[in-house]
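Quick notes on the structure that follows.
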Amino acid sequence: MAKFILIAVFMVVLIANFASSEVPASSVVVVGSSNPKEEGNKLAMVQEEEDMDGGFSSLDGMLQWAIGHSDPGVLKERSEVAQRMSPEELNKRQTELKELMEKLKMPSDAQLMLIAVSDLDNSSLPLEHHLRALEELLVLVEHIDNAIDLQKLGGFSVLIRILNHSEPEIRTAAAWVLGKASQNNPIVQKQVLELGALTMLMKMMKSHTMEEAVKALFAISALIRNNVNGQSLFYQEAGDTMLQEVLSNSNMDIRLHKKSLFLIADLAESQLENENTAEVSFFNNRLLLKAIVDSMASSDLDLTEKALYAIKNILLLRSTEVQLFNDFCKLNEVLERTRQQLNDHGEEYAMDVESLRKEVNLTFLQKLNKVTQAAL
């Protein structure tokens, strides 16, 4: 800390004595300022630039950081001492300051990603190094531009290859990074899908390690969300069977059940929004539909709500065979039992879920009535 305080002192003095300084006059902060809020706001803006560049972007950035992390009284005292220096001493300090800044500058995000990818690609490194590299990538790819640049560094190829790693920890972390990078990022979705990641992630859903399955499903959802090509591939890979097996297995982590229902609701909504897309038999898989309906029996209100949303969206599809819901899934009976369960809860959240249940019930009866009328 003392080093940065000294840097700030010399920078203040240099600003005062050299018109050619790299720091614009408008950027000077008065030592001992009584407006810490303003200084904090400036520091936040500087920090944002540092996050993008990987270090202090200028002398101004260094100045703002140092002053923001210094004691104003100490800084003022040292400034007075520094102001008594000769021009020769100040010139020497300016040179030293620039050299120190070069040493302190952190590597850019691209450099950090390249190092992480290189570590992952080096099979001779211990497991701890690979896990650390994956942890670093998990943070870095949250920035949309970093996620896009990762492909240029060969990162996705390496990540997809290690989805076959012998250690479940590595597979889990790799799936997590792929999911993070693909979220709301069509460019990355396309790149990762073209490299065959979806098939591998779906195989990971059969893992005996629950966390691996959770992260694999997270990555699958991120890859195909709002992506028609990804969804088509998911249907071709028997995604309905995969989700039905998850929902039918009571031993599965409830997180997997919730994520599966959310994904189903999202896929149905995507079908509704893309009217020109041919509707698929996915939503008429009777075993899948029954598994969704049976999920409403859970005592977990969040799970019940997600099941209701999925059913609602499926019922709105033109091609939905409502008779499957009526005859095979016994939706009418399950909705009534759910109503009784929700009434027993008596809490505000249960009332919100009950409103959704009523909406689903109405949609179901209306669609069933249309089918019945058409058959007469």
Side-chain angles (χ1 to χ4, degrees), residues 179 182-184 189 198 201-202 205 213-214 216-235 237-249 252-275 277-298 300-322 324-325 328-329 331 334-335 338 342 349-350 352-367:
S182 301
Q183 279 185 312
N184 305 311
Q189 286 177 328
L198 184 61
L201 289 166
M202 290 178 70
M205 289 295 298
V214 169
L217 184 53
F218 163 72
I220 291 168
S221 299
L223 264 179
I224 67 177
R225 182 171 176 78
N226 298 323
N227 189 303
V228 175
N229 291 332
Q231 291 168 9
S232 296
L233 182 58
F234 181 69
Y235 298 144
E237 295 285 337
D240 54 342
T241 301
M242 183 196 83
L243 294 173
Q244 179 263 317
E245 289 176 351
V246 170
L247 293 174
S248 299
N249 189 343
M252 284 281 192
D253 192 304
I254 195 169
R255 291 176 296 168
L256 282 171
H257 285 210
K258 291 180 180 181
K259 288 180 182 293
S260 295
L261 290 169
F262 184 85
L263 176 56
I264 293 166
D266 189 65
L267 289 171
E269 185 174 353
S270 181
Q271 285 284 311
L272 289 167
E273 292 173 351
N274 297 281
E275 296 180 355
T277 303
E279 293 185 0
V280 293
S281 58
F282 178 97
F283 298 103
N284 284 320
N285 179 328
R286 63 177 191 167
L287 294 178
L288 175 60
L289 296 181
K290 190 172 190 311
I292 297 170
V293 171
D294 289 346
S295 296
M296 286 193 292
S298 172
D300 188 302
L301 291 182
D302 184 41
L303 186 66
T304 300
E305 183 180 35
K306 285 180 169 55
L308 285 167
Y309 268 121
I311 294 168
K312 172 189 170 184
N313 288 351
I314 294 172
L315 284 171
L316 292 174
L317 294 173
R318 293 190 306 271
S319 62
T320 297
E321 296 179 18
V322 70
L324 282 177
F325 276 113
F328 186 73
C329 302
L331 179 58
V334 176
L335 285 170
T338 302
L342 292 172
Y349 182 32
D352 293 338
V353 178
E354 169 59 14
S355 296
L356 177 59
R357 188 206 65 83
K358 288 179 179 178
E359 187 179 352
V360 170
N361 188 54
L362 180 61
T363 303
F364 169 61
L365 293 177
Q366 288 176 340
K367 188 152 190 170

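Since this is a predicted model, take the numbers as computed values, not measurements.
- Distance check: S248 OG to K290 NZ gives 8.5 Å after rounding to the nearest 0.5 Å.
- Residues F325 and L315 form a side-chain contact, since some pair of their non-hydrogen atoms from C-beta on lies under 4.5 Å apart.
- E305 is not listed as a side-chain neighbour of L261, based on a closest heavy-atom distance of 4.5 Å or more.
- Between F234 and L243, the closest side-chain pair of non-hydrogen atoms falls below 4.5 Å.
- Proximity of T363 to I311: side-chain heavy atoms (C-beta onward) are nowhere separated by under 4.5 Å.
- From M242, atom CE reaches atom CE of M202 across 5.0 Å, with rounding to the nearest 0.5 Å.
- Ring planes of Y235 and F282: tilted class, angle from 30 to 60°.
- Here the shortest heavy-atom pairing between L316 and K367 reads C-NZ, 4.4 Å.
- Checking side-chain atoms of K259 against main-chain N and O of L217 turns up no donor-acceptor pair under 3.5 Å.
- Separation of atoms CD1 (I254) and OG (S260) is listed at 11.5 Å; rounding is to 0.5 Å.
- Residues A307 and I292 come closest through the heavy atom pair CB-O, 3.7 Å.
- Here the shortest heavy-atom pairing between D300 and K258 reads OD2-NZ, 3.3 Å.
- Here the straight-line distance linking atom CD of E321 with atom CD1 of I314 works out to 12.5 Å at 0.5 Å rounding.
- At a threshold of 4.5 Å between non-hydrogen side-chain atoms, the residues L256 and N249 do not count as touching.
- Partners of T241 by side-chain contact (heavy atoms from CB on, under 4.5 Å), not counting sequence neighbours, listed by chain and number: A238, E245.
- Looking at every heavy atom in both residues, L303 comes nearest to H257 through CD1-CB, 3.8 Å.
- Across all their heavy atoms, L201 and A219 have their closest contact at CD1-CB, 3.8 Å.
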Could you give me the CA-CA distance, side-chain angles and deciding distance for R357 and N361, then say whether side chain to side chain contact (heavy atoms under 4.5 Å, CB included) is met? CA-CA 6 Å; R357 188 206 65 83; N361 188 54; 4.3 Å; yes

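- Looking only at atom types and distance, the side chain of Y309 has no donor-acceptor partner in the side chain of E269 under 3.5 Å away.
- Remark: side-chain polar atoms of Q189 are paired, donor with acceptor, to backbone N or O of R225 under 3.5 angstrom.
- Across all non-hydrogen atoms, the minimal contact from N284 to L324 is O-CD1, 3.4 Å.
- Taking CG from N313 and CG from L308, the interatomic distance works out to 11.0 Å, rounded to the nearest 0.5 Å.
- A distance of 4.5 Å separates CG in L331 from CZ in F364, rounded to the nearest 0.5 Å.
- Contact annotation: the side chain of S221 never approaches that of D266 to less than 4.5 Å [non-hydrogen atoms, C-beta and beyond].
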